[in-house]
J.: 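Once you've had a glance at the structure underneath, I'll fire off some questions.
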Amino acid sequence: MNILLWHVHGSWTTAFVQGPHTYLVPVTPDRGPDGRGRARTFPWPDAVHERTPEELRRAEVDLVVLQRPHEAELAERWLGGRRPGRDVPAVYLEHNAPDGDVPDTRHPCAGRRDLVLVHVTHFNRLFWDSGGTRTEVIEHGIVDPGHRYTGRLARAAVVVNEPVRRGRTVGTDLLPALAGAAPLDVFGMRTEGLADRLGLSAEACRTADLPQRDLHEAMAQRRVYLHPVRWTSLGLSLLEAMHLGMPVVALATTEAVEAVPPGCGVLSNRPEVLAGALRRYLAEPDAAAEDGARARQAALGRYGLKRFLADWESLITEVAA
């Protein structure tokens, strides 16, 4: 099939395009949010093709995967009047936990009968008000980076984009206290200047923005993965850390309690417990490696690529028919 989708979330799309179809991603001259085209920092197969809005008017499209509210109108315009859900089969993929009026947040696709609303976690489906729209959950899948964990650096890895702007949502305010338990290496976009904003030394909080191929190697050298996120969907970086064989220290919020089984790390909503876990992993590298190995097996079992693609293939076949 020819599947149209926008390049919105690089990590998720990297897994999705491993399937057996042809994937059309819009591209515009500025490569802005509505036309990023192919990823430049993620390895995508040759089955992913860039298409300009003009080319999409003539393109054969068997399914549209919508991911943002405005994409329905954009798709209809760029597909020459073909409306997703009416003229072309469509699903709406919701990546995020609801924001505002929780738990009464009304989803933009609530009350629709012409598409399927797909959530990436059971938590998200529970908390969004979908208003009778058919909903499905297809949990994340990860392209396995391999068991790379060495933990040779007695530091904690954190992966988060824009920690200053996103603040309490991603637990940025918790980092100063946790940095007292383990020096932090914070990876992600727009992390520069974070140490100064938090009043931390450059050694206590280092930052870098790395492409995925380098990020995985850097994460695996750190002793432990720290996930201080309060409110978000299930972060793919958390699942990638587990695939790498890293032990996890995380807030017990949203879907994290489902993703990290006992023996794979420490989950708690008490920052002092998280700090204690960081200290223990730094002091006991063998225990860190053992918990990380269990975390990898748990992630492979629940968030493996084969299961992810099979779930999507089943839904795609049904909807396109």
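In what follows, every heavy atom counts, from backbone to side chain, and hydrogens, waters and symmetry copies are set aside.
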J.: With side chains defined as the heavy atoms from C-beta onward, is the minimum distance between Leu115 and Pro84 less than 4.5 Å?
T.: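 The answer is no, as the side chains (C-beta and beyond) never meet within the 4.5 Å cut-off.
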J.: Mind checking the OG-NE2 spacing from Ser237 to His216? Nearest 0.5 Å is all I need.
T.: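 Rounded to the nearest 0.5 Å, the OG-NE2 separation comes out at 9.0 Å.
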J.: As an exercise, state the distance from CZ of Arg57 to CZ of Arg82, rounded to the nearest 0.5 Å.
T.: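 The CZ atom of Arg82 is 9.0 Å from CZ of Arg57, to the nearest 0.5 Å.
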J.: So how far is it from Gln221 CD to Arg148 CZ, rounded to the nearest 0.5 Å?
T.: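 Rounded to the nearest 0.5 Å, the CD-CZ separation comes out at 10.5 Å.
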J.: Can you name the closest pair of heavy atoms from Ser201 and Ala195 and give their distance?
T.: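 Looks like O-CB, 4.0 Å.
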J.: For Trp44 and Thr14, which I'm curious about, is there any donor-acceptor pair between the side chains at under 3.5 Å?
T.: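 Yes, a side-chain donor-acceptor pair sits under 3.5 Å.
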J.: Can you hop from Leu234 to Phe187 via hydrophobic side chains spaced under 4.5 Å?
T.: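 Yes: a chain of side-chain contacts under 4.5 Å links Leu234 to Phe187.
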J.: Below 4.5 Å, heavy atoms only, C-beta onward: do Val65 and Phe16 meet side chain to side chain?
T.: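 SC-SC contact between Val65 and Phe16 confirmed.
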J.: With a 3.5 Å distance limit and no angle check, can you tell me whether Asn2 reaches the backbone of Glu60 through a side-chain donor-acceptor pair?
T.: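 Flag set: sc Asn2 to bb Glu60 pair under 3.5 Å.
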J.: Does Gln212 reach the side chain of Ser11, with side-chain heavy atoms less than 4.5 Å apart?
T.: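 Contact flag for Gln212/Ser11 side chains = yes.
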J.: Keeping Arg51 on the side-chain end and Leu24 on the backbone end, is there a donor-acceptor pair under 3.5 Å?
T.: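 Side chain of Arg51 to backbone of Leu24: no pair is present.
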J.: Taking all heavy atoms of Pro98 and all of Val102, pick out the closest pair and write down the distance.
T.: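 Reported closest heavy-atom pair: O-CG2, 3.6 Å.
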J.: Is there side-chain contact between Asp34 and Pro26, with heavy atoms separated by less than 4.5 Å?
T.: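 Of all side-chain heavy-atom pairs linking Pro26 with Asp34, none is under 4.5 Å.
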J.: For residues Asn96 and Thr232, determine if any side-chain heavy atom of one lies less than 4.5 Å from a side-chain heavy atom of the other.
T.: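 Side-chain contact under 4.5 Å: no.
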J.: Less than 4.0 Å between a side-chain N and a carboxylate O, is that true for Glu73 and Arg77?
T.: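 Glu73 and Arg77: salt-bridged.
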J.: Keeping Thr105 on the side-chain end and Gly100 on the backbone end, is there a donor-acceptor pair under 3.5 Å?
T.: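 Yes; at least one donor-acceptor contact below 3.5 Å.
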J.: Using side-chain contact (heavy atoms from CB on, under 4.5 Å), reason through Val91 and Trp312 one step at a time and then give a plain yes or no.
T.: CA-CA 11 Å; Val91 300; Trp312 269 106; 4.1 Å; yes
J.: Please report the interatomic distance CG(Leu300) to CG(Leu239), rounded to the nearest 0.5 Å.
T.: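 CG of Leu239 is found 11.0 Å from CG of Leu300.
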J.: So which atom in Gly263 and which in Arg294 form the shortest heavy-atom distance, rounded to 0.1 Å?
T.: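 In terms of heavy atoms, the two residues are closest at O-NE, 2.8 Å.
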J.: Is there a side-chain contact between Met246 and Met219, using heavy atoms and a 4.5 Å cut-off?
T.: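 Met246 vs Met219: side chains touch.
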J.: In terms of relative ring orientation, are Phe127 and Phe123 parallel, tilted or perpendicular, with 30° and 60° separating the classes?
T.: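 Aromatic pair Phe127/Phe123 classed parallel.
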J.: Would you say CZ of Arg31 has more than 12 non-hydrogen atoms from neighbouring residues, nucleotides or ligands within 6.0 angstrom?
T.: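 More than 12 within 6.0 Å, yes.
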J.: Could you see if Val164 belongs to whatever hydrophobic cluster contains Leu200? Use Ile, Leu, Val, Met, Phe, Trp, Tyr and a side-chain cutoff under 4.5 Å.
T.: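 Yes, it is one cluster - the side chains of Val164 and Leu200 are joined through contacts under 4.5 Å.
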J.: Is it true that a side-chain atom of Tyr281 and a backbone atom of Gly276 form a donor plus acceptor pair closer than 3.5 Å?
T.: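 Checked: no pair found.
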J.: Treat each ILVMFWY residue as a node, draw an edge where side-chain heavy atoms are under 4.5 Å apart, and state whether Leu63 and Leu93 are in one component.
T.: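 As far as the 4.5 Å side-chain criterion goes, Leu93 and Leu63 are connected within one cluster.
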J.: Quick check against the 3.5 Å criterion: does Ser130 have a side-chain atom that pairs as donor or acceptor with the backbone of Ala110?
T.: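 The answer is no, because no donor-acceptor pair under 3.5 Å joins these two groups.
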J.: For the backbone of Val229 and the side chain of Thr253, can you confirm whether one donor and one acceptor N or O come within less than 3.5 Å of each other?
T.: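 Looks like yes, one N/O pair under 3.5 Å.
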J.: Taking the side chain as C-beta and beyond, is there a heavy-atom pair between Val186 and Val160 under 4.5 Å?
T.: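 The answer is yes; the side chains approach within 4.5 Å.
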J.: Are the side chains of Val88 and Leu4 in contact, using a 4.5 Å heavy-atom criterion?
T.: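 The answer is no; the side chains never approach within 4.5 Å.
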J.: Carefully, step by step, assess Trp6 and Leu74 under the rule side-chain contact (heavy atoms from CB on, under 4.5 Å).
T.: CA-CA 11 Å; Trp6 275 260; Leu74 197 60; 3.7 Å; yes
J.: Heavy atoms only: give me the nearest Ala15-Leu309 pair and the separation to one decimal.
T.: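 Minimum heavy-atom separation between Ala15 and Leu309: O-CD2, 3.5 Å.
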J.: Can you tell which of Thr172, Leu174, Thr169 makes a side-chain contact (heavy atoms from CB on, under 4.5 Å) with Arg230?
T.: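 It is Leu174; the other options fail the test.
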J.: For the atom pair CZ (Arg134) and CG (Asp114), what is the distance rounded to the nearest 0.5 Å?
T.: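 Between Arg134 CZ and Asp114 CG, I get 13.0 Å after rounding to 0.5 Å.
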J.: Can Asp144 and Arg296 be counted as an ion pair, charged N to O under 4.0 angstrom?
T.: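 The answer is yes: the pair qualifies as a salt bridge.
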J.: Judged by atom type as modelled, is there a donor-acceptor pair below 3.5 Å linking the side chain of Arg223 to the main-chain atoms of Leu282?
T.: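 Answer holds: yes.
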J.: State yes or no: do Leu175 and Val170 share one hydrophobic cluster built from I, L, V, M, F, W and Y residues joined by side-chain heavy-atom distances below 4.5 Å, directly or via other members?
T.: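 Both belong to a single hydrophobic cluster.
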J.: Between Thr121 and Glu258, does a side-chain contact (heavy atoms from CB on, under 4.5 Å) hold up when you go through it step by step?
T.: CA-CA 9 Å; Thr121 71; Glu258 292 276 347; over 6 Å; no
J.: Between the side chains of Glu203 and Arg155, is the shortest nitrogen-to-carboxylate-oxygen separation below 4.0 Å, so that they form an ion pair?
T.: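 Salt bridge present between Arg155 and Glu203.
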J.: Do Asp62 and His21 have side-chain N/O donor and acceptor atoms under 3.5 Å apart?
T.: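 Side chains of Asp62 and His21: no pair found under 3.5 Å.
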J.: If the threshold is 4.0 Å, N to carboxylate O, is there a salt bridge linking Glu50 and Arg38?
T.: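 Salt bridge: no.
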J.: At their closest point, which heavy atom of Leu267 faces which heavy atom of Ala252, and how far apart are they?
T.: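 That would be CB-CB, 4.1 Å.
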J.: Thinking salt bridges, do Arg106 and Asp101 make one under a 4.0 Å N-O criterion?
T.: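 Result for this pair is no, no salt bridge flagged.
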J.: Please report the C-alpha distance between His107 and Glu94 in whole Å, then the side-chain angles of each, then the deciding distance to 0.1 Å, and finally whether the side-chain hydrogen bond (donor to acceptor under 3.5 Å, both in side chains) criterion is met.
T.: CA-CA 9 Å; His107 195 275; Glu94 181 53 69; 2.7 Å; yes
J.: So which heavy atom on Ala156 is nearest to which on Leu278, and how close?
T.: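 Heavy atoms of Ala156 and Leu278 come nearest at CB-CD2, 4.2 Å.
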J.: To the closest 0.5 Å, what do you measure between CZ (Arg68) and OH (Tyr92)?
T.: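 Between atom CZ of Arg68 and atom OH of Tyr92 there are 9.0 Å.
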J.: Can you tell me how the ring of His9 sits relative to the ring of His95, calling it parallel under 30°, perpendicular over 60° and tilted otherwise?
T.: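 Ring orientation of His9 relative to His95: tilted.
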J.: Would you mind checking if Glu284 and Arg280 are paired as a salt bridge, meaning a charged N to carboxylate O distance below 4.0 Å?
T.: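 Here Arg280 pairs with Glu284 in a salt bridge, since their nearest N and O are under 4.0 Å apart.
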J.: Spell out, yes or no, whether Phe308 and Val17 are grouped together once hydrophobic residues are joined by side-chain heavy atoms under 4.5 Å, including indirect joins.
T.: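 Yes; tracing contacts between hydrophobic side chains, which count when under 4.5 Å, links both residues.
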J.: Counting only heavy atoms not in Asp30, do more than 12 sit closer than 6.0 Å to its CG atom?
T.: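 Count over threshold, so yes.
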J.: Using the rule given for side-chain contact (heavy atoms from CB on, under 4.5 Å), can you reason through Arg166 versus Asn161, listing the C-alpha separation, both sets of side-chain angles and the distance that settles it, and then say yes or no?
T.: CA-CA 8 Å; Arg166 298 170 71 191; Asn161 291 324; 4.2 Å; yes
